[in-house]
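Below is one structure, written out as structure tokens; the observations come after it.
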There are 2 protein chains.
Amino acid sequence: MPSRRADPVTVEVVELIGDVVARYHMEYEEAAARHQLTGAQAKVLTLLSLEPLPMRRIAQKLRCEPSNVTGIIDRLETRGLVERRPDPADRRVKLAAPTEEGAETAERLRESLDFAREPLAGLTSEERTALRDLLRRMLG
Amino acid sequence: MPSRRADPVTVEVVELIGDVVARYHMEYEEAAARHQLTGAQAKVLTLLSLEPLPMRRIAQKLRCEPSNVTGIIDRLETRGLVERRPDPADRRVKLAAPTEEGAETAERLRESLDFAREPLAGLTSEERTALRDLLRRMLG
DNA sequence: TATTGTTATACTCTATAACTATA
DNA sequence: TATAGTTATAGAGTATAACAATA
């Protein structure tokens, strides 16, 4: 039960992280919307652009129930961005994979996702490295 | 159009921030769920625990349409955590305010929201200060 | 029997548009 | 007329439970 009173610096860091989270989400949703995608759809399309995945694996990555993935993939498939392929090794499995258009959309999405790239540009190279090391240590 | 290729350190910092965001959200939703609240309900209850607000102001803070706030407050009110009060200065306005139970719930929620407090404990005082300064500069 | 994906259902959050009561 | 809040509606994401096909 880590409910000890935190020191002022820790409190401020937590608040700043809250600001970062809010800003990240806003920019992510906006970037997705620019491509007529919801946040969840953008996330899945980005995942699949790295490698095709079984529905089950997508649910695990999203930390949601598999039944939800059906709808998300349905909507991406309707738009021609994703397709379902059989898995030769297991006929129960369906592999979701981006179409050519889906891959292009994922690439444009990645390019337009500049979160923290611009704000980070205001830091010196040494500061960015220091930030990286601190975040690494924080995340364990 | 800031689509210049980012240096490797920047890319890694962006990824780390993505990890922080994911973890923050997971822990926030879990803390809310422990009190039978959704993320949106927890956010609103926390806002109102600082000061009662007109419906319109809540929508602005949440960056959503005012019509959505009606439902969120409805559900909090049904559970006896929030109440709507008239605004003496403008009879069109309704002020949402936590009940006593709502205030207690908000307080317990705050205590259980230990995100980054534990991970931050692994850093030295100097490191936390450095992290604070870097995040401040990053957020401008 | 166990697993994969789907369907059916219900709830929450979301935006849009139309409505009401005030101002 | 303009503003605050609500209602009505529709779409998306979520969890739960039950189901078919396959392992």
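Here is the naming used below: chain letters follow the sequence lines, and residue numbers restart at 1 for every chain. Side chains are part of it too, since the values below use all heavy atoms of this structure and drop only hydrogens, waters and symmetry mates.
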All N/O pairs under 3.5 Å across the protein-nucleotides 10-14 of chain D interface:
from, atom 1, to, atom 2, distance (Å)
D:dG13, OP1, A:Thr38, OG1, 2.5
D:dG13, OP2, A:Arg75, NE, 2.7
D:dG13, OP2, A:Arg75, NH2, 2.5

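Considering only residues two or more places apart in sequence or on other chains, B:His25 meets the side chain to side chain contact (heavy atoms under 4.5 Å, CB included) condition with A:Val21, A:His25, B:Val21. Under the side-chain hydrogen bond (donor to acceptor under 3.5 Å, both in side chains) criterion, B:Arg85 pairs with B:Glu83, not counting sequence neighbours. Take B:Gln41 and apply the side-chain hydrogen bond (donor to acceptor under 3.5 Å, both in side chains) test, not counting sequence neighbours, and it matches no residue. Not counting sequence neighbours, the partners of B:Asp90 by the side-chain hydrogen bond (donor to acceptor under 3.5 Å, both in side chains) test are B:Arg92. For B:Gln60, the side-chain hydrogen bond (donor to acceptor under 3.5 Å, both in side chains) partners two or more places apart in sequence, or in a different chain, are B:Arg57.
Near DNA chain C, defined here as any heavy-atom distance below 4.0 Å, the residues from residues 43-59 of chain A are A:Pro54, A:Met55, A:Arg56, listed numerically.
In terms of heavy-atom proximity, B:Ala40 sits nearest to B:Ile72 at CB-CD1, 4.1 Å. The two residues B:Glu101 and B:Gly80 make their nearest non-hydrogen contact at OE1-O, 4.0 Å.
Grouping Ile, Leu, Val, Met, Phe, Trp and Tyr by side-chain contacts under 4.5 Å, direct or through others, leaves A:Met26 on its own.
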Annotated protein contacts, base or backbone, on nucleotides 18-23 of chain D with a non-hydrogen cut-off under 4.0 Å, one of B, S, - each: ---BBS
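Applying the salt bridge (charged side-chain N to carboxylate O under 4.0 Å, His left out) test to every pair with at least one member in residues 66-77 of chain B, sequence neighbours left out, gives these pairs: B:Asp74-B:Arg84, B:Glu77-B:Arg84.
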Taking distance alone, no hydrogens or angles, what donor-acceptor pairs closer than 3.5 Å link side-chain atoms of residues 131-140 of chain A to residues at least two apart or in another chain?
from, atom 1, to, atom 2, distance (Å)
A:Arg136, NE, B:Glu12, OE2, 2.9
A:Arg136, NH2, B:Glu12, OE1, 3.2
A:Arg136, NH2, B:Glu12, OE2, 2.6
A:Arg137, NH1, B:Glu127, OE1, 2.8
A:Arg137, NH1, B:Glu127, OE2, 2.3
A:Arg137, NH2, B:Gly122, O, 3.0

Intermediate values then yes/no, salt bridge (charged side-chain N to carboxylate O under 4.0 Å, His left out), A:Arg108 and A:Glu111: CA-CA 5 Å; A:Arg108 279 185 284 120; A:Glu111 284 167 5; over 6 Å; no
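Note: NZ (B:Lys94) to C1' (D:dT6) measures 7 Å, nearest angstrom.
Side-chain atoms of B:Arg128 come within 3.5 Å of backbone N or O of B:Leu123 as a donor-acceptor pair.
On the nucleic acid side, DNA chain C contacts chain B at distances under 4.0 Å to non-hydrogen atoms, with the end points of that region at C:dT12 to C:dA23.
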